[in-house]
Amino acid sequence: MTDEPLVLGIETSCDETGIGVVRGSTLLADQVASSVDAHARFGGVVPEVASRAHLEAMVPTMRRALDIAGVQLSDVDAIAVTAGPGLAGALLVGVAAAKGYAVAAEKPIYGVNHLAAHVAVDTLEHGALPEPSIALLVSGGHSSLLLVGDLARGVTPLGATIDDAAGEAYDKVARLLGLPFPGGPPIDRAARDGDASAIAFPRGLTAQRDQAAHRFDFSFSGLKTAVARWVEALERTGEPVPVADVAASFQEAVCDVLTAKAVEACREHGVDVLVIGGGVAANSRLRALAQERCDRHGIALRVPRPRLCTDNGAMVAALGAHVVAAGLPASRLDFPADSALPVTTVAF
Amino acid sequence: MLVVVVDTSTPAVTTALVRVDVDTTGAKGVELLAERRQVDARAHGELLAPSVRAVLAEGGATPGDLGAIVAGLGPGPFTGLRVGLVTAAAMGQALSIPTYGVCSLDGIGARTAGTALVATDARRKEVYWAVYHERRRVTDPAVDRPGDIRAVLEELGVTATVAVGAGARLHAEALALPVLDAYPSPVALAELAADRVRSKAPGEVLTPLYLRRPDAVEPAARKRVRP
């Protein structure tokens, strides 16, 4: 076991400052400082607010993670950091910090892909990932379907959102319904008392005509607009808005499309393992519907616990450990933070 | 004692390795061993860490030889500024050595003569500035439009005879002063922190001199979609 690499992971792509420590696929520490409360009144993540918070949180969060793991920086075999995709200014705080730690502690550094890290984190909970697998990543910033072979060497994108991310749609609909930011948890809660079939909201990019160009892509912008129209029509007539029914029907539309396309991707590629990651993977309806549909098609569903689905440093460390174990060379010290890093680049 | 100095408050990525003589006081006894300056406002994140490694190598030192880190706190464009400060903070933490902050404008002002307006580029047609008399800062660092600075100085009863820095060069006409070019001097920054280094003063959290609040507006009433 002690042959496995001890890797430190640093994540700052959005509003969570995450530091994780893993040994191979064993999680030793996972510390997150979130600036989510500072963004709430703006109704979305403000990049400059997030960047400032990362700078303040870096050193204390690192201290806590190292203490909990019971290791020193001098003990680690490598430092991994999210190089992208994400908010440019936020990414740069983590990348610069990681380089500072790497130079001072004289350690190799790996700039890695945030989306691939969301997949890799599942190995901490469910062990090595069968090759190939399909991964569905859904968060406030991403909605992607990926074909995953050897994680260290490449991920093939099958589709992604062409407009809003799923989590973004949750935030916007929550605002429409007078629910707080971030919108995922309050909509999930409100939906429990609602009728998911009350309103037939549209399922983006599921029509026959979209299959040629967008079979595994997503679109949530039209859904958000449809919800807005429906709510405003009621408001005009002075009728009360049935928040629970709207929440349940909206959530059903999102989860229906996500899970249907994910299962279809598995069947198309003859893959029997589906991994779901990203903040929206904490959604109860997404988990339930994915389980139901995977069971029906003999697909094994792997979803990490919610704490590991949202952004964290452990996922970066997990991917770093995988990349180190695969013998990939370390990144050059001048690698950039790339806000649009393609998922085909797992490590710089 | 060996000290690494970093400043990323301007388009210049500045690093240096200096030796602080512990048997003297004030600005005396700071010896430059190696220095790097690369000017590229968009590549601080790429340039800084290799540059730190380079000055260490050139000075024949390893990270473990360092006794402190000194960093320019700005003011400066936020994204680049944070690169320097988080790198310095991470190095300090990794090596268990103290970090000390110095106003980056002072790294320019300490090398001026007479009464000088030091101005760096704050973008958005503004400058970060402060006035120095005999190398000492006599105004608080501020951010303003160049054309508004004269009135502020008049109110303070200060008359600058020269403007120094990239912001001054960029807005020479509005400032109506002779202009000299300069970036923060890492040796000057080290000199300003030298007494703290020598006395092993408690390390400081490196908080940027932002001088501006984040650009963020709370959303107004929601926009209606068309029926």
Side-chain angles (χ1 to χ4, degrees), chain A residues 10 12 38-39 41-44 46-52 54-56 58-60 62-63 66 72-74 79 88-107 109 172 175-176 224-233 235-236 332-337, chain B residues 4 6 8 15 38 42-56 62-64 66 69 71 77-97 99 203 205-208 210 212-227:
Chain A
I10 300 177
T12 64
H39 305 287
R41 67 194 173 103
F42 301 110
V46 181
E48 176 60 21
V49 172
S51 298
R52 291 185 180 196
H54 286 311
L55 176 60
E56 286 173 28
M58 182 57 62
V59 167
M62 177 66 71
R63 181 77 275 142
L66 292 173
Q72 313 262 333
L73 263 170
S74 54
I79 296 170
L91 286 168
L92 201 48
V93 177
V95 167
K99 289 178 179 181
Y101 289 120
V103 167
E106 300 181 89
K107 299 295 181 184
I109 184 170
K172 288 172 176 173
R175 185 154 176 253
L176 199 68
K224 168 201 69 191
T225 306
V227 176
R229 284 199 170 122
W230 198 89
V231 168
E232 286 169 18
E235 285 173 342
R236 264 194 302 279
R332 286 167 41 132
L333 202 50
D334 63 352
F335 74 85
Chain B
V4 157
V6 303
T8 58
T15 57
Q38 292 156 287
R42 302 224 149 263
H44 288 21
E46 288 94 316
L47 296 172
L48 180 63
S51 165
V52 170
R53 192 179 267 176
V55 295
L56 284 169
T62 65
L66 297 175
I69 313 275
F78 307 153
T79 300
L81 179 60
R82 277 189 288 262
V83 167
L85 296 184
V86 83
T87 301
M91 290 187 68
Q93 184 176 27
L95 298 167
S96 300
I97 57 175
T99 55
V205 173
L206 301 174
T207 303
Y210 284 121
R212 280 182 186 142
R213 303 185 68 78
D215 273 334
V217 282
E218 287 182 47
R222 157 186 119 225
K223 277 187 290 190
R224 302 258 144 195
V225 294
R226 257 192 260 252

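By convention in this document, chain letters (A, B, ...) are assigned in the order of the sequence lines, proteins followed by strands, and residues within each chain are numbered from 1. The figures that follow rest on heavy atoms only: side chains count, while hydrogens, waters and symmetry mates do not.
Closest approach of B/Gln93 and A/Arg63 over heavy atoms only: NE2-N, 3.5 Å. A pairwise comparison of heavy atoms in B/Pro208 and A/Leu55 identifies CG-CD2, 3.4 Å as the closest pair. Between A/Asp334 and B/Glu46, the closest heavy-atom pair is O-CG, 3.3 Å. Closest of all the heavy-atom pairs between A/Ala96 and B/Val86 is CB-CG1, 3.5 Å. The two atoms that bring B/Thr79 and A/Gly89 nearest to each other are CG2-CA, 4.2 Å, heavy atoms only. A/Ala104 approaches B/Leu95 most closely through the heavy-atom pair O-CD2, 3.5 Å.
In A/Glu106, the CD atom is crowded: over 12 heavy atoms of neighbouring residues, nucleotides or ligands sit closer than 6.0 Å. Applying the 6.0 Å contact sphere to CZ of B/Arg42 captures no more than 12 heavy atoms from other residues, nucleotides or ligands.
Residue contact with chain B, scored on non-hydrogen atoms closer than 4.5 Å, is absent for A/Ala337. Both the backbone and the side chain of A/Tyr101 come within less than 4.5 Å of a heavy atom in chain B. A/Val93 touches chain B through backbone and side chain together, each having a heavy atom under 4.5 Å away. Both the backbone and the side chain of B/Val83 come within less than 4.5 Å of a heavy atom of chain A.
Side-chain atoms of A/Arg52 and B/Arg82, non-hydrogen and from C-beta on, do get closer than 4.5 Å to each other.
Of the listed residues (A/His39, A/His54, A/Met62, A/Glu56), the one with the most heavy-atom contacts under 4.5 Å to chain B is A/Met62. The residue among A/Ser51, A/Pro336, A/Ala105 with the most heavy atom pairs within less than 4.5 Å of chain B is A/Ser51.
Checked by atom type and distance alone, the side chain of A/Lys99 pairs as donor or acceptor with a backbone atom of B/Gly45 at under 3.5 Å.
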